[in-house]
Colleague: 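Mind having a look at this structure? Questions to follow.
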Amino acid sequence: MFTRVMVANRGEIAVRIMRSLREMGIESVAVHSDTDADSLHVHLADQAVAIGPGPAVQSYLSVDALLDAARRSGATAVHPGYGFLAENAGFAAACEAQGLAFIGPTPENIALAGNKLVARKTMAAAGLPVVPGSDAKIDDLDDARAACKEAGFPVMLKAAAGGGGRGMRVLTGESELVEDFAIARGEANAAFGDPTLYLEKLVPEARHVEVQVLGDGTGAGVHLGERNCSVQRRHQKLVEESPSPRLGEDLRSALHRAALDAVAALNYRNAGTVEFLVDPDDRFYFLELNSRIQVEHPVSELITGVDLVKAQLRIAAEERLPFHQGDITFRGHAIECRINAEDPDDDFLPQPGTIVNFRPPGGFGVRLDTHVYAGYTMPIYYDSLLGKLLALGADRDEAIAVMSRALDELEIGPLRTTTAFLRRVMDEPTFRDGTYTTTLCRRMLPDLEDD
């Protein structure tokens with residue numbers, strides 16, 4: 001097992017990883033920008049290394065700065081967390097070239113998953129159903145028109161190197177194609193350095209269901225159940241839960257099998273998530289593979305009792321799965337709400353600033369993963385995530401009740417946050433009865449554009 005691990009990230013995920021490292025007796029190394037010098041992950045680490053100015057491109061996205069920090073700290077392994085360089089195959093390869101174990105998928109896994117068009121073709125070859133759409137990249141408007149004509153509107157333009165909703169546009173007719181094609185290409189190029197687009201048929205009233213997997217790089221894998229991530233705004237997940245409601249056992253088992261087929265087809269290593277869309281007729285389609293630990297991984301931890309970060313570490317160090325499928329048992333129901341410093345009444349505008357009042361919720365069944373504290377100042381350079389609030393209940397009704405109570409207790413002032421909006425979600429009728437789809441937020445917020 002490793003003796004010293006550098007966490008190449010910040011915020012709540014850095015704190016979360018360091019807690020598992022501490023429990024395993026492994027020293028942690030924090031990296032931080034100048035802006036983050038007083039962040040919680042810096043205080044909790046055994047060692048901290050400054051890596052540059054506040055803008056992420058000069059710090060958390062600088063491969064040279066991170067590799068230099070690893071050398072200076074004496075770390076023998078790197079955990080990338082999620083976001084930043086977590087799904088950058090070049091960074092993973094650079095770590096391995098420096099003799100650093102990369103606690104995540106192989107560079108080859110990351111490269112394949114990172115190109116959504118290539119991943120789509122690979123999964124189709126492995127027998128997974130994929131959303132009808134283009135099998136080749138779309139380079140110009142003529143290609144786009146031909147693909148739209150073949151698929152039929154409505155369709156979705158997507159960035160081949162994409163993620164997080166960037167470079168993604170919904171087209172309901174040809175009149176939108178010219179303007180939105182240019183916008184999608186520009187967003188894709190700005191976000192990922194690659195303007196390549198492809199097209200998929202829009203699946204209306206779909207549920208977004210993903211399966212948490214672990215693989216050892218030999219084709220062997222296990223799943224930790226599925227999560228429903230259909231509460232989304234602008235393709236960004238706001239609420240996740242497990243197990244997915246209103247999912248028949250045959251469909252649930254089929255999704256789990258398909259996810260493990262993907263692990264086997266790729267010889268996938270470490271933690272990942274295989275994502276699917278489920279249509280109103282319970283047909284499911286492969287959507288994408290996320291080659292990292294997910295923001296919502298604690299949902300799966302709560303219902304299985306498995307620490308996914310510790311599992312990642314053991315796979316990376318020992319190159320084998322730390323348990324078999326039969327060792328994993330499922331209990332209860334878990335829900336996660338992402339708490340962001342955003343104002344729902346002002347088009348979810350980010351709200352940087354200093355936190356004066358911080359009252360975390362507690363009680364039976366409550367978990368809060370966060371990096372904030374009273375006196376902490378939210379920087380302007382990074383995303384607005386303040387933390388992830390989780391509730392565990394014996395069943396779904398109890399989990400909703402625990403989450404509702406915890407959201408009522410949570411206070412992060414004077415910043416405007418998404419807490420009140422999430423409380424509304426808990427009371428929304430289609431959420432409560434489990435019939436909600438990816439259109440829930442659009443229906444709750446009809447005056448807000450949700451591209």
Colleague: Do Tyr382 and Phe84 come within less than 4.5 Å of each other through their side chains, counting heavy atoms only?
Modeller: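 They are in side-chain contact.
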Colleague: Going by the side-chain hydrogen bond (donor to acceptor under 3.5 Å, both in side chains) test, name the single residue among Gln212, Glu241, Glu275 that passes it with Arg227.
Modeller: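 Going through the options one by one, the only one that passes is Gln212.
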Colleague: If the threshold is 4.0 Å, N to carboxylate O, is there a salt bridge linking Asp345 and Arg416?
Modeller: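 Salt bridge: yes.
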Colleague: Verify, without hydrogens or angle tests, whether Ser242 (side chain) and Glu226 (backbone) share a donor-acceptor contact under 3.5 angstrom.
Modeller: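 Between the backbone of Glu226 and the side chain of Ser242 there is a qualifying donor-acceptor contact (under 3.5 Å).
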Colleague: Between the side chain of Asp143 and the main-chain N/O of Asp139, is any donor-acceptor distance below 3.5 Å?
Modeller: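 Indeed, once roles are kept as given, a pair shorter than 3.5 Å links the two residues.
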Colleague: Please round to the nearest 0.5 Å and tell me the distance separating atom CE of Met18 and atom CG of Leu40.
Modeller: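 Answer for the CE-CG pair, Met18 versus Leu40, is 9.0 Å.
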Colleague: Can you find a heavy atom in the side chain of Leu321 that is under 4.5 Å from one in the side chain of Val222?
Modeller: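 Yes; the side chains approach each other to less than 4.5 Å.
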Colleague: Before accepting this row, confirm whether a basic side-chain N of the pair Glu428/Arg432 lies closer than 4.0 Å to the acidic partner's carboxylate O.
Modeller: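 Salt bridge: no.
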Colleague: For Ser28 versus Leu44, what's the shortest heavy-atom pair and its separation?
Modeller: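 Closest heavy-atom pair between Ser28 and Leu44: OG-O, 4.3 Å.
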Colleague: Testing the basics here: between Tyr198 and Ala159, what is the closest heavy-atom pair and its distance to 0.1 Å?
Modeller: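 What the structure gives for the nearest pair is CE2-O, 3.8 Å.
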Colleague: State whether the side chain of Ser73 and the backbone N or O of Ala70 hold a donor-acceptor pair below 3.5 Å, judged by distance alone.
Modeller: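 Answer holds: yes.
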Colleague: Could you check whether any side-chain N or O of Asn88 sits under 3.5 Å from a backbone N or O of Phe91, counting only pairs where one atom can act as donor and the other as acceptor?
Modeller: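 Yes, because the side chain of Asn88 sits within donor-acceptor range (under 3.5 Å) of the backbone of Phe91.
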Colleague: Search all heavy atoms of Leu66 against all heavy atoms of Ser59 and return the closest pair with its distance.
Modeller: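 Answer, listing the atom of Leu66 first, then Ser59: CG-O, 4.3 Å.
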Colleague: I'd like to know whether the aromatic ring centres of Phe358 and Tyr376 sit less than 6.0 Å apart in this structure.
Modeller: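 No: the rings miss the under 6.0 Å criterion.
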Colleague: Taking atom CD of Glu23 as the centre, does the number of heavy atoms from other residues, nucleotides or ligands within less than 6.0 Å exceed 12?
Modeller: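 Counting neighbours around CD of Glu23, more than 12 heavy atoms of other residues, nucleotides or ligands fall under 6.0 Å, so yes.
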Colleague: For residues Pro361 and Glu411, determine if any side-chain heavy atom of one lies less than 4.5 Å from a side-chain heavy atom of the other.
Modeller: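 SC-SC contact between Pro361 and Glu411 ruled out.
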Colleague: Can you tell me how far apart CD1 (Ile355) and CG (Leu386) are? Round to the nearest 0.5 Å.
Modeller: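 The distance works out to 5.5 Å.
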Colleague: Between His41 and Val7, is any pair of side-chain heavy atoms under 4.5 Å apart?
Modeller: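 No. Closest side-chain heavy atoms not under 4.5 Å.
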Colleague: Answer with yes or no whether the side chains of Asn290 and Thr273 bring together a donor and an acceptor at under 3.5 Å.
Modeller: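 Side-chain D/A pair, Thr273 to Asn290: absent.
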Colleague: Measure across Tyr285 and Val130 and return the closest heavy-atom pair with its distance rounded to 0.1 Å.
Modeller: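 In terms of heavy atoms, the two residues are closest at CD2-O, 3.4 Å.
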Colleague: Does the pair Arg16/Asp307 count as a salt bridge with the N-to-O cut at 4.0 Å?
Modeller: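 Yes.
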Colleague: Among residues at least two apart in sequence or on other chains, which ones pass side chain to side chain contact (heavy atoms under 4.5 Å, CB included) with Arg22?
Modeller: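 Arg22: side chain to side chain contact (heavy atoms under 4.5 Å, CB included) contacts with Asp46.
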Colleague: For the residue pair Val402 and Leu392, establish whether any side-chain heavy-atom pair is separated by less than 4.5 Å.
Modeller: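 The answer is no; the side chains never approach within 4.5 Å.
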Colleague: Centre-to-centre under 6.0 Å for Phe348 and Phe421, is that the case here?
Modeller: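 They qualify: ring centres under 6.0 Å apart.
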Colleague: Would one find more than 12 heavy atoms of other residues, nucleotides or ligands at under 6.0 Å from atom NZ of Lys137?
Modeller: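 No, the 6.0 Å shell around NZ holds no more than 12 heavy atoms from other groups.
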Colleague: For Arg234 and Gln232, which I'm curious about, is there any donor-acceptor pair between the side chains at under 3.5 Å?
Modeller: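 No, no side-chain donor-acceptor pair sits under 3.5 Å.
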Colleague: Between Ser62 and Asp64, do the side chains contain an N or O donor and an N or O acceptor separated by less than 3.5 Å?
Modeller: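 No - no donor-acceptor pair under 3.5 Å links their side chains.
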Colleague: Evaluate the side-chain proximity of Leu415 to Met378: yes if any heavy-atom separation is below 4.5 Å, no if none is.
Modeller: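 SC-SC contact between Met378 and Leu415 confirmed.
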Colleague: Does the pair Arg233/Asp347 count as a salt bridge with the N-to-O cut at 4.0 Å?
Modeller: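 Looking at Asp347 together with Arg233, the answer is yes, because their closest N to O distance falls below 4.0 Å.
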Colleague: Before accepting this row, confirm whether a basic side-chain N of the pair Arg367/Glu336 lies closer than 4.0 Å to the acidic partner's carboxylate O.
Modeller: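 Looking at Glu336 together with Arg367, the answer is no, because their closest N to O distance does not fall below 4.0 Å.
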Colleague: Does the side chain of Leu407 reach to within under 4.5 Å of the side chain of Met426, using non-hydrogen atoms?
Modeller: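 Sidechains of Met426 and Leu407: in contact.
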Colleague: For the pair Gln351 (side chain) and Leu349 (backbone), establish whether a donor and an acceptor sit closer than 3.5 Å, ignoring hydrogens and angles.
Modeller: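 Such a contact is found between Gln351 side chain and Leu349 backbone.
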Colleague: So does Ala113 get a backbone contact from the side chain of Ser291, meaning a donor-acceptor N/O pair under 3.5 Å?
Modeller: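 Absent.
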Colleague: Using atom types as modelled and distance alone, determine if a side-chain donor or acceptor of Arg359 lies under 3.5 Å from a backbone N or O of Glu409.
Modeller: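 Looks like yes, one N/O pair under 3.5 Å.
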Colleague: Less than 6.0 angstrom separating the ring centers of Phe276 and His208, yes or no?
Modeller: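 No, the ring of Phe276 stays outside the 6.0 Å limit from the ring of His208, centre to centre.
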Colleague: Does the side chain of Thr377 come under 3.5 Å of the side chain of Thr354 through a donor N or O and an acceptor N or O?
Modeller: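 Short answer, yes.
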Colleague: Below 4.0 angstrom, N of the basic side chain to O of the carboxylate: do Arg269 and Glu96 qualify?
Modeller: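 A salt bridge links Arg269 with Glu96.
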Colleague: Do the side chains of Asp36 and Arg10 get close enough for a salt bridge, i.e. N-O under 4.0 angstrom?
Modeller: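 A salt bridge is present here (some side-chain N lies under 4.0 Å from a carboxylate O).
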Colleague: Applying side-chain hydrogen bond (donor to acceptor under 3.5 Å, both in side chains) as the test, list every pair that has at least one member in residues 76-85; sequence neighbours left out.
Modeller: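 Only Glu12-Tyr82, His79-Gln312 qualify under side-chain hydrogen bond (donor to acceptor under 3.5 Å, both in side chains).
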Colleague: Should Glu205 and Arg443 count as an ion pair when the cut-off is N to O under 4.0 Å?
Modeller: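 Yes, Glu205 and Arg443 are salt-bridged.
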Colleague: Closer than 4.0 angstrom, basic N to acidic O: yes or no for Glu176 and Arg169?
Modeller: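 Salt bridge: no.
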Colleague: For His333 and Glu398, which I'm curious about, is there any donor-acceptor pair between the side chains at under 3.5 Å?
Modeller: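 No, no side-chain donor-acceptor contact under 3.5 Å.
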Colleague: Is there side-chain contact between Ser33 and Tyr60, with heavy atoms separated by less than 4.5 Å?
Modeller: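 When only atoms from C-beta onward are counted, Tyr60 and Ser33 do touch, with a gap below 4.5 Å.
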Colleague: Which of parallel (below 30°), tilted (30 to 60°) and perpendicular (above 60°) describes Phe431 and Tyr436?
Modeller: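 Judged by the thresholds at 30° and 60°, the geometry between Phe431 and Tyr436 is tilted.
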Colleague: With a 4.0 Å cut-off on N to O distance, would you call Lys158 and Glu200 a salt bridge?
Modeller: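 The answer is yes: the pair qualifies as a salt bridge.
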Colleague: Quick check: does any side chain N or O of Ser39 sit under 3.5 Å from a backbone N or O of Val42, one acting as donor and the other as acceptor?
Modeller: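 Side chain of Ser39 to backbone of Val42: no pair is present.
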Colleague: Establish, from distance only, whether the side-chain atoms of His43 and Asp38 form a donor-acceptor pair under 3.5 Å.
Modeller: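 Side chains of His43 and Asp38: pair found under 3.5 Å.
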